[in-house]
Every structure is written in C-alpha cells, then in structure tokens.
Undergrad: 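Take a look at the following structure, please.
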Amino acid sequence: MNRRRVVGRGASAALLAGMLLTGCDGIGVDGGGTEGGGGPSQGAPAAGGTSPLANPRGTEPGLAALVTEEERAAARELIGEVTTKGRGPRTGYDRDEYGYAWMDTADGVPLARNGCDTRNDLLARDGKELAFREGSDCVVVAMTVRDPYTGRTIEWRKQDAAEVQIDHVVPLSYSWQMGAARWDEAKRRRLANDPLNLLPVEGRANSAKSDSGPASWLPPSKPVRCSYAVRFAQVAVKYELPVTSADKRIMLAQCGG
C-alpha cells in the first residue's frame, strides 16, 4: 500500500513573491508507532533541506541555510515580530501537560489524525531511503537522514533509535516558562506535535540543547543558525509565545541583525 502524502506549501510574504512566479512554492526517543496510512509529503527541497521561509507549515523536510541578503533580511523582519519577556519558573512543568508523546490526535496541526504517530510522521518527512516495519506503511525502521544541526548524514536503524531524536525547536519546558503554563491543554498538545516545531536531529546534539533558548544553545553547524533562528521565531509567532530579550538578540545576530 502506498503512503498517502499530505502536501503543504507556503510562502513568506515579500521574499517569496518572486519565487512563486517560478513555481517554487525535546523529547527524543520513542520505540513505538501507530499503524496506518497517513504521512507527510516528499517534496523536492534544496540540498540540505527546505528553506524555513518557504515552509511556514513545517510539512516539508529539513532546514536549509539562508544565504542571500534578501533571505536574511526577510529572516530579520520575521524575528522582529517576536515579543519578549523574562523567563519564568519551571515550577509545575511536566511532559504530560502536553499530552502523551507523539499523539496523532492533536487537532489543529498538519498531519494530525493521519494514522501515524507524530514521531513516525517526522522520520518519514525528513528521511530518505525509508524502510518500514513489515506489514506497516507507517513505522519507520531504517532511513538515511541529514541532521541540520550538525550537517551529518546519518544511516539510522531502529535498533539504535537514540541516534536520531525528534527535537522540539522551541523546547516544551522553555514554552512552559514563557507562558504555556497558562494555556489550555489543547494548545499545548498542538505545540508538542506541530511539525513546524519538530526536527529529526542527531541524538547527541538534541541532548546538548536540552531546554535551552538560542542565547544558550545554537546548532553546531554555523550555516544553519539563521534558519534555526527563523524556525524558532515562526513557532513563537504562531503560538504567540514570547522569547527572552537575550534570545531575540542572538536570533537577530544569526541573520546579520
């Protein structure tokens, strides 16, 4: 059975107007998986992934570097929309406040209720040369994936599951301290399972990041740091989530601001 693909294309206002004319449109390890038919699109991203500016829904794979001044100017404009406040206490934070891990029932985000859990959706979105568990068109057991944070290409096998983990770009604990403690659970579930906020990355890089904001941690690969700042900003803007003043300052600096 072929996997049903859900295509999500988007554009970032001024920067992508011209591109459209030419047709251009953490929690880590989980050993389980839901059987079923849904899945993300297999688009044709640029080498190294998709520009975050061209991927506002998060349904396209990877995280490509932003290299032109036009792109970086658009990045700074987007980051400028993010509001700031001080980081609150972690008191009361629990992963369960965001629903059980990798639920397929977080309504209101792409890929929800497609029959595959969020983790497998993300592996299928970003992986190449996918192999699925026998009898399943959902549970990924092997793939090749490029980690945007380190630039490494990883030959992943499920028996070494921790080698690739799913990073919450805006960490859940960070979001709790920045205001999500006052959200209803439905909104927290969306944040935890929104593909815009999720990237398969090298396990060691994800562990090193922990719940840090950009002022405390940036991807080891310098070319992707502006793109990472953009993705962090996209999530913050979508969920009306502030960042600290230090984080915003560092985010702007990655894009020449």
Side-chain angles (χ1 to χ4, degrees), residues 3-8 26-43 49-50 52 55-63 94-128 130-133 136-143 145 147-149 154 156 158 161-176 180 183-203 205-207 209 211 231-232 234-235 238-239 241:
R3 289 174 61 81
R4 174 167 48 89
R5 303 297 181 188
V6 179
V7 178
I27 187 169
V29 182
D30 173 46
T34 304
E35 305 278 337
S41 72
Q42 294 290 336
T50 311
N55 188 23
R57 297 181 72 239
T59 53
E60 300 302 329
L63 192 65
D94 189 288
R95 176 62 178 82
D96 289 345
E97 295 289 344
Y98 293 76
Y100 64 86
W102 313 133
M103 62 196 308
D104 186 38
T105 55
D107 292 327
V109 296
L111 311 182
R113 297 187 183 276
N114 66 0
C116 292
D117 66 61
T118 303
R119 176 177 167 81
N120 281 296
D121 277 337
L122 271 293
L123 297 180
R125 184 196 68 183
D126 288 23
K128 297 181 179 180
L130 299 172
F132 297 94
R133 190 169 70 193
S136 173
D137 64 351
C138 178
V139 180
V140 179
V141 297
M143 65 175 181
V145 67
D147 167 30
Y149 288 174
I154 302 172
W156 179 82
K158 195 172 181 68
E163 188 176 7
V164 171
Q165 299 179 14
I166 308 299
D167 178 47
H168 286 97
V169 177
V170 175
L172 301 186
S173 175
Y174 181 98
S175 75
W176 182 266
W183 297 354
D184 61 39
E185 187 173 344
K187 185 174 181 179
R188 290 196 293 265
R189 288 177 176 181
R190 291 195 295 272
L191 178 69
N193 293 278
D194 191 336
L196 184 67
N197 194 33
L198 296 169
L199 287 170
V201 301
E202 181 194 72
N206 188 45
S207 296
K209 174 183 171 179
D211 65 350
R231 180 57 63 83
F232 206 100
Q234 286 174 317
V235 176
K238 178 175 180 177
Y239 287 89
L241 190 70

Undergrad: Minimum heavy-atom separation for A112 to A106, with atom names?
TA: CB-O, 3.4 Å
Undergrad: Should L196 and R231 count as side-chain neighbours, where that means a heavy-atom distance under 4.5 Å?
TA: yes
Undergrad: So does R189 get a backbone contact from the side chain of N193, meaning a donor-acceptor N/O pair under 3.5 Å?
TA: yes
Undergrad: What pair of heavy atoms forms the shortest contact from A124 to V140, and how long is it?
TA: N-CG2, 4.2 Å
Undergrad: Between D117 and D104 (side chain of the first, backbone of the second, donor and acceptor by atom type, cut-off under 3.5 Å), is there such a pair?
TA: no
Undergrad: Do side-chain atoms of S207 reach the backbone of G203 as a donor and acceptor pair under 3.5 angstrom?
TA: yes
Undergrad: Determine whether Y239 and S175 satisfy the following criterion, side-chain hydrogen bond (donor to acceptor under 3.5 Å, both in side chains), listing intermediate values before the conclusion.
TA: CA-CA 10 Å; Y239 287 89; S175 75; over 6 Å; no
Undergrad: Between K209 and H168 (side chain of the first, backbone of the second, donor and acceptor by atom type, cut-off under 3.5 Å), is there such a pair?
TA: yes
Undergrad: For the side chain of D96 and the backbone of G99, is there at least one donor-acceptor N/O pair under 3.5 Å apart?
TA: no
Undergrad: The criterion is salt bridge (Lys or Arg N to Asp or Glu O under 4.0 Å); which residues satisfy it with D94, sequence neighbours excluded?
TA: none
Undergrad: Assess the residue pair Y149 and D167 against the criterion (side-chain hydrogen bond (donor to acceptor under 3.5 Å, both in side chains)); give the C-alpha distance rounded to whole Å, side-chain angles, the decisive distance to 0.1 Å, and a yes or no.
TA: CA-CA 10 Å; Y149 288 174; D167 178 47; 2.5 Å; yes
Undergrad: Any donor and acceptor pair, going by atom type alone, linking the side chain of R188 with main-chain N or O of A180 inside 3.5 Å?
TA: yes
Undergrad: Less than 4.5 Å apart, side chain to side chain, heavy atoms only: is that true for N55 and L63?
TA: no
Undergrad: I'd like to check V169 versus Q234 (side-chain heavy atoms, cut-off strictly below 4.5 Å). Are they in contact?
TA: no
Undergrad: Say you draw a straight line from CG of L111 to CZ of R57; how long is it, rounded to the nearest 0.5 Å?
TA: 7.5 Å
Undergrad: So P61 and K128, do their side chains get closer than 4.5 Å, heavy atoms only?
TA: no
Undergrad: So, K238 side chain and P56 main chain: donor-acceptor pair closer than 3.5 Å or not?
TA: no
Undergrad: Do V141 and F132 have side chains that get closer than 4.5 Å, going by heavy atoms?
TA: no
Undergrad: Got a sec, which residues hit ring-ring contact (aromatic ring centres under 6.0 Å, His included) with F232, two or more places apart in sequence or on another chain?
TA: Y174
Undergrad: To the nearest 0.5 Å, how far apart are OG1 in T118 and CG in L198?
TA: 7.0 Å
Undergrad: Atom CG of D137 and atom CG of N120: how far apart are they, to the nearest 0.5 Å?
TA: 10.5 Å
Undergrad: Which pair of heavy atoms, one from E185 and one from E97, lies closest together, and at what distance?
TA: CG-O, 3.6 Å
Undergrad: Can you tell me how far apart CZ (R190) and OH (Y98) are? Round to the nearest 0.5 Å.
TA: 13.0 Å
Undergrad: Between G62 and L199, which heavy-atom pair has the shortest distance, and what is it?
TA: O-CD2, 4.2 Å
Undergrad: SG/C138 to CZ/R133 distance, rounded to the nearest 0.5 angstrom?
TA: 8.5 Å
Undergrad: Closest approach of P110 and T59, non-hydrogen atoms and distance?
TA: CB-CG2, 3.5 Å
Undergrad: Can you name the nearest heavy-atom pair linking E60 to T50, along with the distance?
TA: CB-OG1, 3.6 Å
Undergrad: Are the side chain of D121 and the backbone N or O of R125 linked by a donor-acceptor pair below 3.5 Å?
TA: no
Undergrad: Any sub-3.5 Å donor-acceptor pair from N197's side-chain atoms to V235's backbone N or O?
TA: no
Undergrad: CZ of R113 to CE of M103: how many Å apart, nearest 0.5 Å?
TA: 8.0 Å
Undergrad: Taking the side chain from E163 and the backbone from I154, do they hold a donor-acceptor pair closer than 3.5 Å?
TA: no
